[in-house]
Structure formats: C-alpha cells, structure tokens
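Step one of this worksheet: look at the structure below.
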Protein chains: 2
Amino acid sequence: MQLGALRSHNTALVLDLLRTAGPEGISRLELAERTGLTPQAISKITARLRENGLAAEAGRRASTGGKPRTVLRLVPEAGHAVGVHLDRDELTAVLCDLTGGVVARHRTPLDLGAGAETVVERVVGEAGELAAGAGRPGAVLGVGVALPGPLDHRRGVLHRVTGFPELNGFPLRDVLARRLSLPVVVDKDTNAAALGLAVGGETASVTSFAYLHFGAGVGGGLVLGGAVHRGARTGAGEFGHQVVQLDGPPCECGNRGCVEALCLAAVARGDVAEAARVLGTAVGNLVALLDVDLVLLGGRTVAAAPETFVRGVAAVLHERARRAGGDAVPVRVASGGEGREGGGDGEGGVGGAGGERAGRGEHGVAEGAAQLLLAPLFGRADG
Amino acid sequence: MQLGALRSHNTALVLDLLRTAGPEGISRLELAERTGLTPQAISKITARLRENGLAAEAGRRASTGGKPRTVLRLVPEAGHAVGVHLDRDELTAVLCDLTGGVVARHRTPLDLGAGAETVVERVVGEAGELAAGAGRPGAVLGVGVALPGPLDHRRGVLHRVTGFPELNGFPLRDVLARRLSLPVVVDKDTNAAALGLAVGGETASVTSFAYLHFGAGVGGGLVLGGAVHRGARTGAGEFGHQVVQLDGPPCECGNRGCVEALCLAAVARGDVAEAARVLGTAVGNLVALLDVDLVLLGGRTVAAAPETFVRGVAAVLHERARRAGGDAVPVRVASGGEGREGGGDGEGGVGGAGGERAGRGEHGVAEGAAQLLLAPLFGRADG
DNA sequence: CCCACTTTCGCAACGCTGTTGCCAAAGTGC
DNA sequence: GCACTTTGGCAACAGCGTTGCGAAAGTGGG
C-alpha cells in the first residue's frame, strides 16, 4: 500500500462519517475521535473536502465552556450516481445524490427477454436522460445496474439471467460503459438491495447482516464486515436453493427440497405460516453458519404478510437460540429505505412514486445499484 | 489509519510473502512486484527486518545478464508461538517457529471435565515448559488455545464447551495470560484448524475456503478473504446443526434433521456413502451461499474412508454445478499440514509423533492455535 | 583478457502523510 | 471586564514511500 492509498483511505473514513451524520452534521473533534486521527489531520482532510465542494460548514454546536464546535456536513449535490434496476418486466432508474437520496426516479415496463440490444438501448436512454438532469455533466460518477440471476460482477458479464438464456455471456458492463461514456458497474439485484440497506440508516450499528428476498422467487444478499460478500465468482447469496428437505419435492432448479420450492408450494396452498417456518429454518442455518447481527426480510410475498413472516422466522431463531443459551438475532422487515428520499420530487418524478415501491416489496434495488458507484467513495468497497 | 499503521501493514505484506516463499526464499524485486511497492521501499523494509533478525540473505539466483538477485528468506528461529489443543480427553501442545513449523510437541491425556482450575494448571504447565524451550524467553510471542464449543474469541471467555457446562463463562484467556505472563488467544478448535490450513501450503492460491470436520461430531471453520470468519459472537461455522431435513430425526441439540444427526446415524448403520451424500448436501448449501473456492474435509470419520467422503461430496457439488452451468468447487481431504514439520524432532518430542495425529484426523488444531499468534504478524488478522 | 552492456540495489534528496507545538479566535462564568 | 476553557489554524517536524543517480556484480562479444 502506498502513501496515496493512506490518504484516500482516511478521506473515505471521514466521508463515511459525514454521510452517516446526515444533515445535522458532525464536528471536527468528533471526526477525530471516531477515526483515531488527530484533530489536525481532520482539519487538513476536511479543508481539502471543502475546497472540492464535498463538505461544507453547517452552523455550530452549543458551547461547553469554550469555543463552540463548528459542524461539518456532506454536500449532497456534489456528486450523483444513476442506479438502474432491470426486473423481468420493468425498468426502474433513479438519480441519487451523494447521500444516497433519490433526486429523480423513472419507471417503465420492459421485457427483459426482448434481447440484449433492446435492453441496452433502453438502459442507455433512461440512464442518459437521468444523468443529463444532474447539473454539470462531470458530476455523475457512473451508472450501477442491478438485475436478477448469476453474473460476473468483476467483469460485468451476465451468466444466467433466470429465464432469459439469450442474455448469457453478454458483456453488459463494457457495452453500456462505451455507449454512455460513464463508468458502469453491474451486480445481482439482491446484492444491490443488500448494499442499499447497508448504507441506509437501518443497519447503522450493524456490521454484518443478511437480506432475504421472497418475491417471485427466493434470494439473498450478504453483508459481512460492512461490505457485500459476493464470493469468488459473484455467486454468493444463492439462498433460494438451499436444500432443507433431503429428497423433498423437486424444484425447478433440478434439486429436491429447496427453500424456494417448499416456500412457494406452501404459499400456493395458502399456508403462509408454514412458508415462514420453512424460511425460518433456512435462515437459522444461515445464522448458525455466519453469525450475522441482523436478518432483514423483503420481497412482495413478505410484504403481503410481513407480521407472519417476521414472527415465523423469529420463532425458529428464538427456539434455536434458547436451546443454545444465547440471544436470538433480530429479524425485521427491510423498510425499503424510504424516509431518506432527497428533495426535488417535482424535478424528475416522471414515473411512479416511492410508496408504490414498498408495495411491491422491491426494497430500493435501483437505489442500491446507484450505491455501487457511491459506496466506494465511503470506503465500502467489497473484499 | 495513521502513518505507523501503513508501515506495519507493508511490513506484514513482505513478511507474508517471505513466509509463503519458504526456505527457497524470494528476491527483493519479486517482493516489489507482488506488493506493488517500489524496489527502494522493499530495500528499506527488508533492511529493517534483517536488523531485527527476522529476515536474512540466502544465496543468490542465476544471473539473467546482470547482477544476480539476492534471495531473502524468513529466519524461522526469530520467533516462536505455543499452540494448545484442548480436546475432550487429550491435551496437545506444540511449539512452532515463525514459519509455522513444529519445533516441539507434547501430548497427554486430559479430562476437560475436571474443572477449570485443573485445566488451567495443566495448560500452564505444558505451555510454560514448551515456551521455556524456545531459547531466549522474549522470543515467544504468546500462547494460542483451541477448544471445542462456542466461546467469545474477543474477550477470551468460554460460553458452552460442548458437554462441559462447568466451564461456561470461564475467562480462560485472562486467567492464562496472568499465569503465563504471555499474550493468550483462545478460539474454537475448528477455527484454529481452518487457520492452520489457511497459512499452510495447501490453500496457497485460494482466498476463501471451508474446512469441514467430521469426527465425533460435525463442525466447520470458514476462511473468507484470507481471514477466519468468526462472526459477531464468534459463533460462525456452526455446520453440524445445519438442518437439511425438515422435521427429520431429532438431534441432541434439540433440532430435527441436523447434518450431524443424519450423518452419525448413517455411519452407525454402516452406510458411509449415505453419510457422504448428506454431508454433500449441506456442503452444497454452504457453497451456494458463500461461493468459496475450495472445500476441505477432515476429522477421523472422514479419515476412515476419505475416498468415499470426497467422492460423495464432490458428486453432489458436481451435479448442482452441472445444472447451474458452472464449474464445481474442488473438494479435498485436508492433509493435516504434515510435511512442513520443522527440525528438532529429538529436542522436544516428548509425546506422540506427528503421524498419529493424521490417523486421528485431527488436522493440526494445535498448530493452528499457534497460528493465532503468528498470523497477525503476516497481516492475517480477522475482519 | 578487456570492455560494453545489463541488472540489482543502496544512498541522498524529495514530496507527501499525519503529528506536535504554539497561538489566535470565540465562547463561558465569576 | 477579566480569567478560563475549548476550538481550530499555522508552522515546524518525523517518517513513509518515491525518484534520481551511481556503485556493485554479473554476462557476452571482441
């Protein structure tokens, strides 16, 4: 590691604390305490940030007997990122500011099966339009794209978008980057959702958690040590096809007794409590294996009966924890990141409103996709 | 991060490369390439290491037309660590040098249920004796202790040593540290085994893997991103009680359908192939969830029929990978770290020989325990 | 054998990092 | 109004890796 890397590391540390502090801001001395750096170093770093327009002074605190502390805050408009969520039948694009707040949102129907060229054309159109609305062109850091199915996050190549084999092997990242002349990052939708939750306020005091999605299928995203765990081949988080019943009923994937198959079957016959119990068993396995701090549930099937799922999963975890003599890991519904919505509703709200998203149980996948570009600024690059 | 942290980071990087290179050594320029630092920086760092006696010149390579490269190597005797493995009925203690090579080994029967004070007394005796044999007293970095059952790695407090509730809550680390006047680290036995494998040659090109142990019970240790993943409460790696059969036969832990219960039952009725298949199913879940690079199997039940287990587990993984259209993760038997045994067999070989260990399927837990002290030197601290 | 050439590696000067010492600024409280 | 406390910037500093340059130690052609 070189000297310059140290500088950007510490700058990222400070930026992350500024982001976490939100609009109320944070004082220099508190930054010093939290980072372990001296107040002088913080002064230098924040002076650079203020020169670049990334930070600004925001009033002062009450005095405690001496000169009152000056409060610093992140300037949200100093940078933007576009996030695109490609779902099977829909495209959602958002423009986020530095804090992750949504400045503009657009949603349109899309047939993912219409072929790579059509999809690219649509993404280029939507992302380009949003990026153009971000003021200065240089202020857009890049475009994050989240879509279902296994893919290679590092190379940005699609592998097996579930149900759309014609997209296999398509180098989405490079094609989009060339067309948009912007940095592009692609990732699985569940990873993007998990990343969005990781930088959201909901997981503030938590360093590792699992986000489990139950919508049309069952999937998951893992955050370990503050960063999304993608594994060697970006294949981590395949939660839906965890086998919890040896030689159980066959699943579409070819295995038998997968969580997804069992849960879908239970829901189909109206037994939501049983679906929650099965899900809870798989979640219990995950918690035992990884010892995460928190479990977040999402997806529209969960959203249809949130209490049932939270209670059912928590019951399994509590029972296991009770026998093991420890405390159970908390289970919550992922709130979808609302409440941090930035201003500018009238500016670009072409498509649906935020409320509708929660109704579908899509917990800010597009916002999480934008975080693929924003998170590295705050030292949240993956391991 | 301060400036001094940068220095120790880069020093650790260099030390790790020196360790990996083994007795053949590595040249300064190669160190520069592998670390990304300039040759000058490497010269400075290695000069410090040579002053401290940690590194030494070890001949030179053939010339390629100019001055031949000087080869540097780690000086194994520059530091030692004691590793202690507390098993249910046996205590194994080793003295390891900087490279992890075993300098002395001692094994004696021990009743873990004899109470905390007795156990402490025995560990103090064995570890103290080995530490005294390491030449200069200051050359011993500390003592690592590995034992079964959940515990708090950070505080060094035992939680629920399986089968020995009288040890619950005992602050083993602090008590031992005071008695030995040495730094002490405690960890789960499976974590120690995984750490030992992580620094061994077997996983050289691999950044994340799972070690799964099938002995008297089933357990596991995870290495993600080169460091042992312990989770928030050091509870990660609980592999034995992954449920793979909903409402299956009851397990001692109180759950139903645990891997351990199913595998033990299969072995008891002589159906080792079925045990391997069940284990493979759970391993398949783990691989899907974490996308590790490698699966290593160990433990004396595996050692009794290694081919059957490797083939059985690999078959499940291959079948899943085939349907998913990817390559299967390789499965191997953990070799137990033999072959890196340092010299000095006659010096301290009071107890059993190394070969016996492999026969029991205990893959260097004591050596891994010693690595709890050694690994941080090489930048392998956990996240 | 000698000399040109290549490659390695250390010394010295440098730019940049965070740190330390000191002082001005800006409050509180008697 | 003055002593005191606390904040935060300026200047000098030690230490990091980098750059420039030259000595050391080989190879290979004449």
Side-chain angles (χ1 to χ4, degrees), chain A residues 1-18 21 24-52 54-74 379, chain B residues 1-18 21 24-52 54-73 377 379:
Chain A
M1 183 182 289
Q2 281 123 304
L3 210 62
L6 182 64
R7 172 174 170 162
S8 46
H9 172 91
N10 286 338
T11 305
L13 236 54
V14 170
L15 277 174
D16 193 41
L17 288 172
L18 284 171
E24 304 104 48
I26 184 172
S27 75
R28 285 183 181 78
L29 268 85
E30 202 175 342
L31 287 170
E33 284 170 22
R34 302 275 291 269
T35 57
L37 296 172
T38 57
Q40 256 335 299
I42 297 295
S43 277
K44 280 191 186 176
I45 292 169
T46 54
R48 277 200 303 267
L49 292 176
R50 284 188 300 159
E51 276 180 24
N52 302 344
L54 287 169
E57 298 198 346
R60 27 187 69 180
R61 289 214 200 290
S63 166
T64 60
K67 178 175 176 177
R69 304 184 174 184
T70 317
V71 171
L72 300 170
R73 63 171 181 86
L74 199 61
Chain B
M1 184 183 288
Q2 281 122 305
L3 238 145
L6 183 63
R7 171 172 170 163
S8 45
H9 173 91
N10 286 337
T11 305
L13 237 52
V14 169
L15 277 174
D16 193 41
L17 289 172
L18 285 171
E24 305 105 47
I26 183 172
S27 74
R28 285 182 181 78
L29 270 87
E30 203 175 341
L31 287 170
E33 285 170 21
R34 303 275 291 268
T35 57
L37 296 172
T38 57
Q40 254 341 294
I42 297 294
S43 278
K44 280 191 185 177
I45 293 170
T46 55
R48 277 199 303 267
L49 292 176
R50 284 189 299 161
E51 276 179 25
N52 303 344
L54 288 169
E57 299 198 345
R60 27 188 69 181
R61 289 213 200 292
S63 165
T64 60
K67 178 175 175 177
R69 303 183 173 185
T70 316
V71 171
L72 300 170
R73 64 171 179 84
L377 285 181

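Numbered from 1 within each chain, the chains take letters A, B, ... in sequence-line order. Heavy-atom basis, side chains included; hydrogens, waters and symmetry copies ignored. Remember, it's a predicted structure, so these values are computed and weren't measured experimentally.
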What are the residues of residues 7-18 of chain B, sorted by number, that bring a heavy atom to within less than 4.0 Å of DNA chain D?
-> R7(B), N10(B)
Using whole Å, report how far CZ of R48(A) lies from P of dC16(C).
-> 11 Å
Which whole-number value in Å describes the distance from R28(A) CZ to dA26(C) C1'?
-> 14 Å
Report the distance from atom CD of E57(A) to atom P of dA25(C), rounded to the nearest whole Å.
-> 16 Å
Taking OP1 and OP2 of dT28(C), is either one under 4.0 Å from a side-chain nitrogen or oxygen of S63(A)?
-> no
For the side chain of A41(B), counting heavy atoms from C-beta on, which of dT6(D), dT18(D), dG10(C) is nearest?
-> dT18(D)
Between Q2(B) and S43(B), which has a closest nucleotide on DNA chain C that is more 5'?
-> S43(B)
What pair of heavy atoms forms the shortest contact from I26(A) to A21(A), and how long is it?
-> CB-CB, 3.8 Å
Of all heavy-atom pairs between R61(B) and G25(B), which one has the smallest distance, and what is that distance?
-> NH2-O, 3.7 Å
Toward the 5' end of DNA chain D, by each residue's nearest nucleotide, V71(A) or G36(B) | V71(A)
Distance in angstrom units between E30(B) CD and dT8(C) P, rounded | 11 Å
Of dA24(D), dG10(C), dA25(C), the nucleotide closest to the side chain of K67(B) is dA24(D)
Taking every heavy atom of Q2(B) against every heavy atom of L37(A), the minimum-distance pair comes out as CG-CD2, 4.3 Å
Between dG18(C), dG8(D), dG9(D), spot the one nearest the side chain of R50(A), thanks.
-> dG9(D)
What's the CG-P distance between L6(B) and dG17(D), to the nearest Å?
-> 5 Å
Could you tell me whether the phosphate oxygens of dG27(C), OP1 or OP2, come under 4.0 Å of any side-chain nitrogen or oxygen in R60(A)?
-> yes
Would a 4.5 Å heavy-atom cut-off, applied to side chains only, mark N10(B) and L6(B) as touching?
-> yes
Let me know the distance between CG of L37(B) and C1' of dT19(D), rounded to the nearest Å.
-> 15 Å
With heavy atoms under 4.0 Å as the rule, sort T70(A) into base, sugar-phosphate or nothing.
-> sugar-phosphate
Residue mapping more 5' on DNA chain C - nearest nucleotide basis, P39(A) or L29(B) | L29(B)
Length of the line joining L3(B):CG and dG17(D):P, which is rounded to integer Å = 8 Å
Starting at the 5' end of DNA chain D and moving along, which residue's nearest nucleotide shows up first, M1(A) or K44(A)?
-> K44(A)
side-chain contact (heavy atoms from CB on, under 4.5 Å) partner of T46(B), the single match among T11(B), L72(B), L54(B) = L72(B)
Can you tell me if the side-chain N/O atoms of T38(A) get under 4.0 Å from OP1 or OP2 in dG18(C)?
-> no
Is there side-chain contact between L18(B) and L49(B), with at least one heavy-atom pair below 4.5 Å?
-> yes
State which residue, out of R73(B), R28(B), R69(B), fulfils the salt bridge (Lys or Arg N to Asp or Glu O under 4.0 Å) condition with E57(B).
-> R28(B)
For Q40(A) and dA14(D), give me the distance from atom CD to atom P, rounded to whole Å.
-> 17 Å
Distance-minimising heavy-atom pair for A62(B) and P68(B) | C-CB, 4.3 Å
